[in-house]
Each structure stands twice: as structure tokens, then as C-alpha cells.
A.B. asks: 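Take this structure, written in C-alpha cells, and hold onto it; I'll ask about it next.
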Amino acid sequence: MRTAIYPGSFDPVTRGHLDIIKRAAVQFDRLIVCVMVNAEKKGLFTPQERVELLRRVTADIPNVEVDASSSLLADYAREKGAGCVVKGLRAMSDFEKEFQMAMINRKLNPGLETVFLSARQNYTYLSSSIAKELAMYRVPLEDFVPAEIAADVQAKMEEQLCRQTRRTE
């Protein structure tokens, strides 16, 4: 069985992420979408909330599992029996960072390959950060995140904005 892992922070999952998930799912027998901890990113959703959002938007893809991990990706892949990591690329700047990570992962786990899927043109501008910023300005999110979770993203952003307002008062 060919198992791959699609790691990310997914805070929140975007239409671009979902496109990569669907495209990777047809390439592998088993695709584990794993919410990973990224120390560089401040989370809007908790890791468990992200897992739940991902499960909702991937419920119709039978060979996709959703998980969360704070382990090194190379170790997590070994634990899950995965031989491949899937990474989505929007721009050349993404490639440079992801290529470096692929080399580190291969050094730590020599059997682990990385496959890069380029974003579809209509998603190259899209990121979780953009989705959160648009939510902050109350822009309708259905074009940016899966429709099933747009209200959740908006509500979570409203909650965060209320907390920030109370702190400054």
C-alpha cells in the first residue's frame, strides 16, 4: 500500500489545500493529512479544531485520513509507514523552502521521498493567512475556504477580534 502524508498547519484549510488533497488522494492508496505544529505561525484554531475542520471537508474522500502531530515529519512518516510527503507549491519561493525541508527529511529518513504538486493557477494567490485577513474584514470566505467551514472561520475570527478588543479596553 502506497501511503503519503500531506503535512501543514491548515489554519484554516483553504480551497487550495483541498485541491492538493483531492489530487494527491488519486495518486496514493492512503493519504494522511496531518496538522503539524509550526512554531513560526500563530494559530487561529487549535490543532484539534483544525483536524475537525479537515475531517469535515474530506469526509467524501475515502482514502484520506486526518491526524495531528507535534513530531518531526520524518519520524511521523516512519511511524505511519509512509514513503512519501506531498507538498503544494504556489510560487518559486515556496519551492526553495520546501526543497530544503525535503532534503532534511530524506537525511533523517532515507526512504522518505517528497512529491511537489503545483497549485492550480486560480489558487496561487491563496494562503491561510490571506483567508484569516479577509475574515478579519468580514469578507465572504466561500471563494477562499471550503463552503462547509466558511462560517466556522468567520465565527472564530469574530471571537478573536472580540477578545482583542476587550484586552485593549
Side-chain angles (χ1 to χ4, degrees), residues 4-25 31-61 64-77 80 82 85-91 93-98 100-102 104-105 114-120 122-167:
I5 298 171
Y6 178 33
S9 54
F10 306 108
D11 186 44
V13 59
T14 68
R15 287 188 171 274
H17 291 133
L18 187 56
D19 180 62
I20 296 291
I21 291 167
K22 288 178 178 179
R23 290 166 50 208
L31 178 66
I32 303 170
V33 180
C34 188
V35 173
M36 304 294 286
V37 175
N38 184 337
E40 296 176 9
K41 295 183 179 181
K42 182 182 178 195
L44 177 63
F45 291 93
T46 67
Q48 191 54 44
E49 288 171 329
R50 291 180 235 167
V51 165
E52 291 308 315
L53 294 174
L54 279 160
R55 284 184 178 148
R56 283 178 32 209
V57 302
T58 61
D60 64 335
I61 311 170
V64 169
E65 300 171 25
V66 180
D67 196 10
S69 177
S70 58
S71 300
L72 283 173
L73 178 57
D75 294 338
Y76 180 81
K80 295 295 184 178
V85 171
V86 174
K87 297 300 286 191
L89 300 176
R90 294 170 296 188
S93 57
D94 284 349
F95 176 76
E96 291 174 11
K97 181 179 179 185
E98 296 300 346
Q100 180 181 30
M101 291 305 303
I104 292 168
N105 285 328
T114 300
V115 172
F116 299 106
L117 294 180
S118 57
R120 293 193 193 277
N122 54 325
Y123 298 127
T124 56
Y125 66 92
L126 188 53
S127 68
S128 294
S129 298
I130 293 292
K132 287 185 279 194
E133 185 168 350
L134 293 171
M136 187 171 67
Y137 291 102
R138 296 173 177 84
V139 172
L141 298 176
E142 288 77 8
D143 289 340
F144 308 100
V145 302
E148 305 95 313
I149 67 163
D152 299 272
V153 176
Q154 193 64 60
K156 190 72 165 184
M157 182 54 72
E158 294 289 335
E159 179 184 310
Q160 181 176 349
L161 291 172
C162 286
R163 276 196 309 265
Q164 289 174 348
T165 302
R166 280 182 284 202
R167 280 187 215 138

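Source: prediction; values computed, not measured.
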A.B. asks: Of all heavy-atom pairs between Thr14 and Pro146, which one has the smallest distance, and what is that distance?
C.D. replies: C-CD, 3.8 Å
A.B. asks: For the backbone of Arg90 and the side chain of Thr124, can you confirm whether one donor and one acceptor N or O come within less than 3.5 Å of each other?
C.D. replies: no
A.B. asks: Quick one: does Gln154's side chain have a donor or acceptor within less than 3.5 Å of a partner on Ala135's backbone?
C.D. replies: yes
A.B. asks: Can you name the closest pair of heavy atoms from Tyr123 and Arg15 and give their distance?
C.D. replies: CE2-CB, 3.6 Å
A.B. asks: Distance from Glu98 atom CD to Leu89 atom CG, nearest 0.5 Å?
C.D. replies: 6.5 Å
A.B. asks: Which heavy atom in Leu31 sits nearest to a heavy atom in Ala24, and how many Å separate them?
C.D. replies: CD2-CB, 3.8 Å
A.B. asks: Decide yes or no on side chain to side chain contact (heavy atoms under 4.5 Å, CB included) for Lys80 and Asp67, but give the supporting numbers first.
C.D. replies: CA-CA 11 Å; Lys80 295 295 184 178; Asp67 196 10; 3.6 Å; yes
A.B. asks: Give me the atom names and distance for the closest heavy-atom approach of Phe10 to Cys34.
C.D. replies: CE1-O, 3.5 Å
A.B. asks: Report the distance from atom CD1 of Ile5 to atom CD of Glu65, rounding to the nearest 0.5 Å.
C.D. replies: 10.0 Å
A.B. asks: Taking atom CZ as the centre, does Arg55 end up with more than 12 heavy-atom neighbours from other residues, nucleotides or ligands that are less than 6.0 angstrom away?
C.D. replies: yes
A.B. asks: Taking all non-hydrogen atoms of both residues into account, name the closest pair between Pro12 and Ser128 and its distance.
C.D. replies: O-OG, 2.6 Å
A.B. asks: So does Ser9 get a backbone contact from the side chain of Arg50, meaning a donor-acceptor N/O pair under 3.5 Å?
C.D. replies: yes
A.B. asks: Provide the closest heavy-atom pair for Phe144 versus Val139 in the form atom of the first, atom of the second, distance.
C.D. replies: CE1-CG1, 4.3 Å
A.B. asks: Should Tyr6 and His17 be marked as a side chain to side chain contact (heavy atoms under 4.5 Å, CB included) after you check the CA-CA gap, both sets of side-chain angles, and the distance that decides it?
C.D. replies: CA-CA 9 Å; Tyr6 178 33; His17 291 133; 3.4 Å; yes
A.B. asks: Can a salt bridge be assigned to the pair Asp19 and Arg23 using a cut-off of 4.0 Å between side-chain N and carboxylate O?
C.D. replies: yes
A.B. asks: Working note: Val57 + Ile21, criterion side chain to side chain contact (heavy atoms under 4.5 Å, CB included); need CA distance, chi angles, decisive distance, verdict.
C.D. replies: CA-CA 10 Å; Val57 302; Ile21 291 167; 5.7 Å; no
A.B. asks: With rounding to the nearest 0.5 Å, note down the distance linking OG1 in Thr114 to CG in Leu73.
C.D. replies: 7.5 Å
A.B. asks: Can you check whether Arg138 reaches Met157 side chain to side chain, under 4.5 Å on heavy atoms?
C.D. replies: no
A.B. asks: Before accepting this row, confirm whether a basic side-chain N of the pair Lys132/Asp11 lies closer than 4.0 Å to the acidic partner's carboxylate O.
C.D. replies: yes
A.B. asks: So, does Thr58 use its side chain to make a donor-acceptor pair with the main chain of Ile61 at under 3.5 Å?
C.D. replies: no
A.B. asks: How about Glu96 and Gln100: does a side-chain donor come under 3.5 Å of a side-chain acceptor?
C.D. replies: no
A.B. asks: Let's go through Glu49 and Lys156 carefully: what are the C-alpha distance in whole Å and the side-chain angles of both, what is the deciding distance for side chain to side chain contact (heavy atoms under 4.5 Å, CB included) to 0.1 Å, and is it a yes or a no?
C.D. replies: CA-CA 11 Å; Glu49 288 171 329; Lys156 190 72 165 184; 3.0 Å; yes
A.B. asks: Answer yes or no: is there an ion pair linking Arg56 with Glu148, defined by an N-O contact shorter than 4.0 Å?
C.D. replies: no
